[in-house]
Each structure stands twice: as structure tokens, then as C-alpha cells.
Participant: 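Shown below is the structure under consideration.
None of the values given here were measured: they were computed from a predicted structure. Below, chain A is the first sequence line, B the second, and so on; all start at residue 1.
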Protein chains: 2
Amino acid sequence: MNRKIMPGEKKRLTTGRQKQILDAAVKVFSQKGFSGATTKEIAKEAGVAEGTIFRYFKTKKEILLGLVGPYIAQSLAETIDETSDKSDRIVLKAVIKNRLELIKKNIDLVRLLITEAQFHSDLREQFTEKIVLRSAGLLEAFIARKVQSGEYRNIDPRIASRALAGMVAIFVLWKEFLFGDKYIAFDEEEVIETVVDIFLNGILNKRGKEAAAQ
Amino acid sequence: MNRKIMPGEKKRLTTGRQKQILDAAVKVFSQKGFSGATTKEIAKEAGVAEGTIFRYFKTKKEILLGLVGPYIAQSLAETIDETSDKSDRIVLKAVIKNRLELIKKNIDLVRLLITEAQFHSDLREQFTEKIVLRSAGLLEAFIARKVQSGEYRNIDPRIASRALAGMVAIFVLWKEFLFGDKYIAFDEEEVIETVVDIFLNGILNKRGKEAAAQ
DNA sequence: CCAAAATATGAGTGAGTACTCACTATTAGT
DNA sequence: ACTAATAGTGAGTACTCACTCATATTTTGG
């Protein structure tokens, strides 16, 4: 009557039809937008018949919403704890690089989420609470600690954390959303280095500090 | 046979059916996305019959492209020349505020352009060249001058200008794209103040400078 | 005022869409 | 090997959409 549940499986989303369809959906949705994509295309991309899709998802919209559960968590919710004794410069650069890697690996999903979050409030809420606020919170907490310890100047960590995120984000948007390398190709390493440099210089409490390299 | 052209008119896009339809299109497109919007809705919003739309635009796509000509220029291409003797702090804050006002006044158009630029390369190119690169160029030049004069540290102005833009942009995206004031309501004045502060502190060549307010 | 030109209308059309369902293929239990 | 349950299929269905066009209204010029 009901299929046996294997010990370790519970919700095996990593594999199987469902995952296969969601993977295809991310690709097609991100290329054409939700409204512009057709279920026929998704089926083709997934290598299944159109009807099969509706065995796993009642509606097209439900496919989109299917992305915010385990799927997103699996793709984007990795966490990093650099509770190290390394310098801020190193830690921040590492965090940023890690984040960028994650985004680049899932750029289709990210573009899709940002684009469609505008139009689907249910998607927006999940995306916000599961990904954005959580990520923002980590960086915010890090900065708040430094402010409290007096290492950083007394700047609102909610603003500072977002400012730093924004500095990096704009280069991702620039490249992945709009222009590719058509107008300017930025060197990622140099961008990160510069951004962290401006940020730390801007927020550190002044002490005898190293001068900027000429 | 052909209608008389009044002396000063040439292309009067500021008024008339065309403008009326474009205004409606911005509203509907930005709410539903290009694919999700229907010509019927646009017609209704514009207060004309559906057929009338196709008297002014051959296709739906052409309505979208109609937005990038004089329409965009008129809405977003205002320029500011703060060739002043005021302090950087004042100038930058003024520039940012001016830019934010412009964006807020045309937020529907901005959202639409950012969203649809992904899917329509013709729109993307116009938007990029007419708006984005031009705006970026102004700030870039400003910073480049300061770097050359030795006021700012030797930081790539292309990166620095975008970093500053990103710091501000993320708060606009945060509010207008995703969350409104649902999670955190930022005070615009404070955000600008803080961002400029971090940026200038981060990029200024060190001299006897005012300490951060406690 | 009138006719002719320009403009506006909205029911109609064909293409294309999300979704259904009667059917086929595969798998699992014995 | 047989059977029942499950999974997969793709042509068909009801509907929506961009776009057309015959007709109606407004504007123009004399």
C-alpha cells in the first residue's frame, strides 16, 4: 500500500525525478523567467514527458515553490564559521570568497530567486528568511562583536554589514545580471582585495596602521 | 496627407497617446513582468482600447523597447554637476541623495529595466550604455581626479566608484525589490551618512582628520 | 457644415499554453 | 510467472493571449 521507507532516506531530494525536474526548472526559469518558461520546455530539459511533471507538481507555480524547501537549503544555505585567530583582513576575504563561490556555483538559482521574488510573495518570504536574513545575520554579528570590543568604530552593524555586502554584490550583479565582461572585466581577486581594504580602513578604529601600498 | 509638424515639437513624447501607453506599460510590466503582463491590462491601465496600442507599437516587445529612447532619457538621465568647492563629504552625500530621489521617483521603471534587461539583450544594451555606464562614468571620473591629486589613496577608481554605488544600491534593492520595511526599516539619512563616512575614511589619504563621533 | 482623412474601437482569430487522462511500461511482492 | 500497484507518456482540452480588421468616432480643412 505505502512504499517502504528506507532507513536513511526520509526526503531524498538529492536524487530522483523530483530533483531532476527542479534542476531543469531552475535552468529554464532563469533563462526565460517564470512566465516566459513553458512546462514543455522544462520537460524537455529534464528529459521526461510533460505529463510526468504534473505527477510531481500540481501546477507550474508549485514547481517554483518546490525550489525553496530542501532544494535551496541544499544549494545555498551552507554556513561558514571562521572563528579563527587570523586577521580581519584574512577572515573577511575568506568569507567573501566562500560566498562568491557559492553564488557562482548556483548563479542560475540566485538570478531566478532575485528576479521572481518580486512577483511571488511566498517565494520572497522563504528566500528572505532562509537565505538572506540568515547570511546578513552572520556578518552583522561579526561586525557587532568588533564594534563592541572597540576594534571597529561605533557604526551601526546592520548598516556596515550591508554596505560591505553591497560593495561585493554590485560586481556580481554587474557581471552576472547585466553585462558579463563586455564593458569591463574585473579581476575578482583585485576587487575583493580593494573592497575589503576600503571597508576595513573605513571602519577600523585608528591606531598605528599600515599605510596603503603604493 | 502627413500632419503638420509644429515648430517646437519634433518628437513630443512628453504627452499624447504614446506617452500615455508607455506610462501604463511601465506600471503593468513592473508589477507582472514583461511576460506576465497582458496587452489588455496595459490598454485598460492606459484608458484606451487594446487595438489602439497596436496603432502605436507593432508588437508587445516594441512597447518595451519604446521605453529606452527619449522616455528613459527623460526619466533617468538627468545629470548633476557638483563642481563645487564644498567638501567631499557634502558633495558625495548630495550626489547620492540626488540619485536616490531620481530612482525613487522612477522606481517602477528601474525595477522593470533591471528585471527585463536579463532577458532582452537589446533592452540591456540601451539601458547599459545610456544610463549605467554614463552614471558610473561620472562618479569614476570624480574619484579618478581625487586619486590623481593625491587626496585619495591609490585605488582603482573603477572599483572604488562601483563599491560606493554598491553600498548605496543594496539598501535600495533591499527596500524596493525584496522586503519593503518588513524586517528592518533603515533611515535613509543615517544610511547615507554612514556609507559616505565608511567610504571616505576608507579611501582618504591619511592626514590629521576628525575622529569618529562617539 | 460637409467630406475626407486620421484615429480609435473591441469582437474575432489563430497560435500556443497549462493541465488532464486514458493508456502503456516498469517495478515489487509472492 | 503472474498480478497489482506505481510511474511515465503524449495527444487532447479548455482557455488565454498577442495581434487584426471591419466598423465607428473624431478631427481637419475648406
Participant: In whole angstrom, give the distance that lies between atom CZ of B:R55 and atom C1' of D:dT27.
Facilitator: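 After rounding, the reported distance stands at 13 Å.
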Participant: Could you work out which one of D:dG8, D:dA18, C:dA18 sits closest to the side chain of A:T52?
Facilitator: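 Of the candidates, D:dG8 comes closest.
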Participant: Under 4.0 Å, counting only non-hydrogen atoms across every strand here, what does B:A37 touch: a base, just sugar-phosphate, or nothing?
Facilitator: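 Here B:A37 touches the backbone only, sparing every base.
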Participant: Angle class for the B:F29/B:F34 ring planes (parallel below 30°, perpendicular above 60°, tilted otherwise)?
Facilitator: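 Judged by the thresholds at 30° and 60°, the geometry between B:F29 and B:F34 is tilted.
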Participant: Are side-chain N/O atoms of B:E62 and B:Y56 paired as donor and acceptor at under 3.5 Å?
Facilitator: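 Not at all, the side chains of B:E62 and B:Y56 share no donor-acceptor pair under 3.5 Å.
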Participant: How many Å lie between NZ on B:K61 and P on D:dC19, as a whole number?
Facilitator: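 The answer, rounded to whole Å, is 11 Å.
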Participant: Rounded to whole Å, please give me the gap between CD1 in A:I42 and P in C:dC19.
Facilitator: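 Those two atoms, CD1 and P, are 10 Å apart.
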Participant: Regarding B:T38, tell me which of base, sugar-phosphate or nothing describes its non-hydrogen contacts under 4.0 Å with the strands shown.
Facilitator: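 Counting heavy atoms under 4.0 Å across all strands, the contact made by B:T38 is with sugar-phosphate only.
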Participant: In whole angstrom, give the distance that lies between atom CD1 of B:I53 and atom P of C:dT9.
Facilitator: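 That distance rounds to 10 Å.
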Participant: Would you say the side chains of A:R17 and A:Q20 form a donor-acceptor pair under 3.5 Å?
Facilitator: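 Yes.
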Participant: Spell out, as yes or no, whether a donor-acceptor pair under 3.5 Å connects the side chain of B:N98 to the backbone of B:A94.
Facilitator: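 Checking the backbone N and O of B:A94 against the side chain of B:N98, no donor-acceptor pair under 3.5 Å is found.
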Participant: Just the rounded figure in Å: distance from P of C:dA18 to CZ of A:F54.
Facilitator: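 In whole Å, C:dA18 P and A:F54 CZ are 7 Å from each other.
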Participant: Find the distance A:K40:NZ to C:dT20:P and express it as a whole number of Å.
Facilitator: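 Taking NZ of A:K40 and P of C:dT20, I get 18 Å after rounding.
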Participant: Tell me the interatomic distance from A:E62, atom CD, to C:dA18, atom P, rounded to whole angstroms.
Facilitator: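 From A:E62 CD to C:dA18 P: 15 Å.
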Participant: Under 4.0 Å from OP1 or OP2 of C:dT7: is there any side-chain N or O of B:R17 that close?
Facilitator: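 Answer no for this pair, as no side-chain N or O of B:R17 is under 4.0 Å from OP1 or OP2.
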Participant: At 4.0 Å (heavy atoms only), tell me whether B:Y56 reaches a base, stays on the sugar-phosphate, or touches nothing.
Facilitator: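 Answer is sugar-phosphate: B:Y56 comes under 4.0 Å of backbone atoms only.
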Participant: Roughly, in whole Å, what's the span from NZ in A:K44 to P in C:dG16?
Facilitator: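 These atoms are roughly 15 Å apart.
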